[in-house]
Amino acid sequence: MTRDYESREPPREEVDRLPGATVIEFGNAWCGYCRAARPHIEAALAQHPSVRHIKIADASGKRLGRSFGVKLWPTLIFLRDGQEASRLVRPHDAAPIDEALAAIDPSG
């Protein structure tokens, strides 16, 4: 599980080619909603160790977040072989995160 938000964002074309299960988390370290959701995200991801987790420090003008239509943080995009399967915005507990992870994680 990734702890810090990355300032470098991968190109959308690279994301679209990612094999397997991936969660992209858009947010920022100073965001109160992101800090509140962190333990729920970490708890759910701990149950799905094979899922790739990418944390992106989002901001206006960042291309990857805009390509996914991200407007609020944190936004979790759940991908299966580069295709969006579902998304959650500002999750309040681990249950919906775990459900979305189970839907994309064949080993879970």
Side-chain angles (χ1 to χ4, degrees):
M1 174 176 17
T2 305
R3 298 292 270 165
D4 298 321
Y5 288 96
E6 296 290 330
S7 58
R8 180 207 163 276
E9 57 183 10
R12 177 65 190 254
E13 299 78 30
E14 183 180 313
V15 171
D16 291 343
R17 290 191 308 267
L18 289 172
T22 303
V23 175
I24 302 178
E25 177 184 344
F26 291 96
N28 232 304
W30 51 261
C31 169
Y33 293 104
C34 299
R35 288 193 309 266
R38 183 177 304 137
H40 307 303
I41 295 168
E42 289 176 357
L45 283 168
Q47 302 302 311
H48 299 272
S50 65
V51 174
R52 179 185 301 107
H53 180 216
I54 302 170
K55 285 177 80 168
I56 301 294
D58 195 36
S60 63
K62 292 282 205 161
R63 291 184 176 191
L64 187 60
R66 301 306 66 78
S67 75
F68 278 104
V70 172
K71 297 190 186 296
L72 297 172
W73 301 332
T75 293
L76 304 175
I77 308 289
F78 299 85
L79 305 172
R80 182 82 180 126
D81 294 325
Q83 301 299 309
E84 183 174 339
S86 62
R87 72 173 54 203
L88 291 170
V89 178
R90 293 187 176 169
H92 293 77
D93 60 62
I97 303 167
D98 188 55
E99 289 174 20
L101 286 167
I104 63 169
D105 184 11
S107 66

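Nothing here was measured: the structure is a model prediction, and the numbers come from that model. Quick note: residue numbers are just sequence positions, from 1.
Hydrophobic clustering, with ILVMFWY side chains joined whenever heavy atoms are under 4.5 angstrom apart, keeps I77 apart from Y33. In this structure, W30 is not a member of the same hydrophobic cluster as L72, with clusters built from ILVMFWY side-chain heavy atoms closer than 4.5 Å.
Sorted by first then second residue, the salt bridge (charged side-chain N to carboxylate O under 4.0 Å, His left out) pairs that include residues 59-75, not counting sequence neighbours, are D58-R66.
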For a quick test of your reading: what N or O donor-acceptor pairs under 3.5 Å do the side chains of residues 85-93 make, sequence neighbours left out?
from	atom 1	to	atom 2	distance (Å)
R87	NE	E84	OE2	2.8
R87	NH1	F68	O	3.0
R87	NH2	F68	O	2.8
R87	NH2	E84	OE1	3.0
R87	NH2	E84	OE2	3.4
R90	NE	W73	O	2.9
H92	ND1	R90	O	3.0
D93	OD1	A95	N	3.1

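Using modelled atom types, no side-chain atom of D81 and backbone atom of P19 make a donor-acceptor pair closer than 3.5 Å.
Note that NZ of K55 is 5.0 Å distant from CZ of R38, once rounded to the nearest 0.5 Å. To the nearest 0.5 Å, the span separating CD1 on I97 from CD on Q47 amounts to 12.0 Å. Between the CG atom of L76 and the NE2 atom of H40 there is a distance of 11.5 Å, given to the nearest 0.5 Å. Atom OH of Y5 and atom CD1 of I54 lie 13.5 Å apart (nearest 0.5 Å). With rounding to the nearest 0.5 angstrom, the CG atom of L101 is 4.5 Å from the NE2 atom of H48. Distance CD1/I56 to CZ/R8: 7.5 Å, rounded to 0.5 Å.
A21 approaches I104 most closely through the heavy-atom pair CB-O, 3.3 Å. Minimum interatomic distance between A43 and A94 (heavy atoms only, all atoms of both residues): CB-CB, 4.4 Å. Shown here for C31 and C34, the closest heavy-atom pair between the two residues is SG-SG, 3.0 Å. Nearest heavy atoms, D98 versus A44: N-CB, 3.9 Å.
By the side-chain hydrogen bond (donor to acceptor under 3.5 Å, both in side chains) test, R52 is found to be paired with T22, residues two or more places apart in sequence or in another chain being considered.
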Inset, instruction - Check step by step if side-chain contact (heavy atoms from CB on, under 4.5 Å) holds for F26 and L64. - result: CA-CA 9 Å; F26 291 96; L64 187 60; 3.8 Å; yes
